[in-house]
Participant: 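Take a look at this one; I'll ask things after.
All figures in this text were calculated on a predicted structure; none of them were measured in a lab.
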Amino acid sequence: MITAKPLLSENVKDFMDYALETIQSMDGAPEHNTEETNLVHQKIANLREYLAVVEASYNETTPTLVSTPTENTTPFTGTGHA
């Protein structure tokens, strides 16, 4: 059911599709019986798992920021020879 895909956009699409399905299952909440309530709670738990997959996919696609000093550490003043 929750399978990580190679592309971030595919993982986000799966998350959004399942989120809409979860929202639809919440319709009529005041009249839900125990079985329907349990189903909604399970869908919300699954949604958390999908979100974790999206987060991992995002983290895999973003470059790691490395703080390295530049060669010239003197601040640029904007003055000099043209």
Participant: Of all the heavy-atom pairs spanning Asp27 and His32, show the shortest one and how long it is.
Facilitator: O-NE2, 2.9 Å
Participant: Same cluster for Tyr58 and Phe15 if Ile/Leu/Val/Met/Phe/Trp/Tyr side chains link at under 4.5 Å?
Facilitator: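 In one cluster: yes.
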Participant: Carefully, step by step, assess Glu49 and Val53 under the rule side chain to side chain contact (heavy atoms under 4.5 Å, CB included).
Facilitator: CA-CA 6 Å; Glu49 291 180 38; Val53 169; 5.9 Å; no
Participant: Counting only heavy atoms not in Met16, do more than 12 fall under 6.0 Å of its CE?
Facilitator: no
Participant: Could you check Asp14 against Glu10 for side chain to side chain contact (heavy atoms under 4.5 Å, CB included), going step by step and ending with a plain yes or no?
Facilitator: CA-CA 6 Å; Asp14 286 349; Glu10 293 173 335; 5.5 Å; no
Participant: Judged by atom type as modelled, is there a donor-acceptor pair below 3.5 Å linking the side chain of Ser25 to the main-chain atoms of Thr22?
Facilitator: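 It does hold such a pair.
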Participant: Looking at CG of Leu39 and OG1 of Thr34, how far apart are the two atoms once the value is rounded to the nearest 0.5 Å?
Facilitator: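 The distance works out to 12.5 Å.
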Participant: Minimum heavy-atom separation for Thr61 and Leu8, please, with both atom names.
Facilitator: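 Between these two residues, the closest heavy atoms are OG1-CD2, 4.0 Å.
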Participant: Can you tell me how far the CD atom of Glu21 sits from the CG atom of Leu47, to the nearest 0.5 Å?
Facilitator: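 Taking CD in Glu21 and CG in Leu47, the distance rounds to 10.0 Å.
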Participant: Going by atom types alone, do Asn46 and Gln42 pair a side-chain donor with an acceptor below 3.5 Å?
Facilitator: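 Looking only at side-chain atoms, Gln42 and Asn46 do form a donor-acceptor pair, the distance falling under 3.5 Å.
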Participant: Is Tyr18 linked to Leu51 within one hydrophobic cluster, defined over Ile, Leu, Val, Met, Phe, Trp and Tyr using a side-chain heavy-atom separation of less than 4.5 Å?
Facilitator: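 Yes, because Tyr18 and Leu51 connect within a single hydrophobic cluster, where side-chain heavy atoms sit under 4.5 Å apart.
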Participant: Could you tell me which non-hydrogen atom of Glu31 sits nearest to which non-hydrogen atom of Glu36, and how far apart they are?
Facilitator: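 Closest pair (atom of Glu31, atom of Glu36, distance): O-OE1, 3.9 Å.
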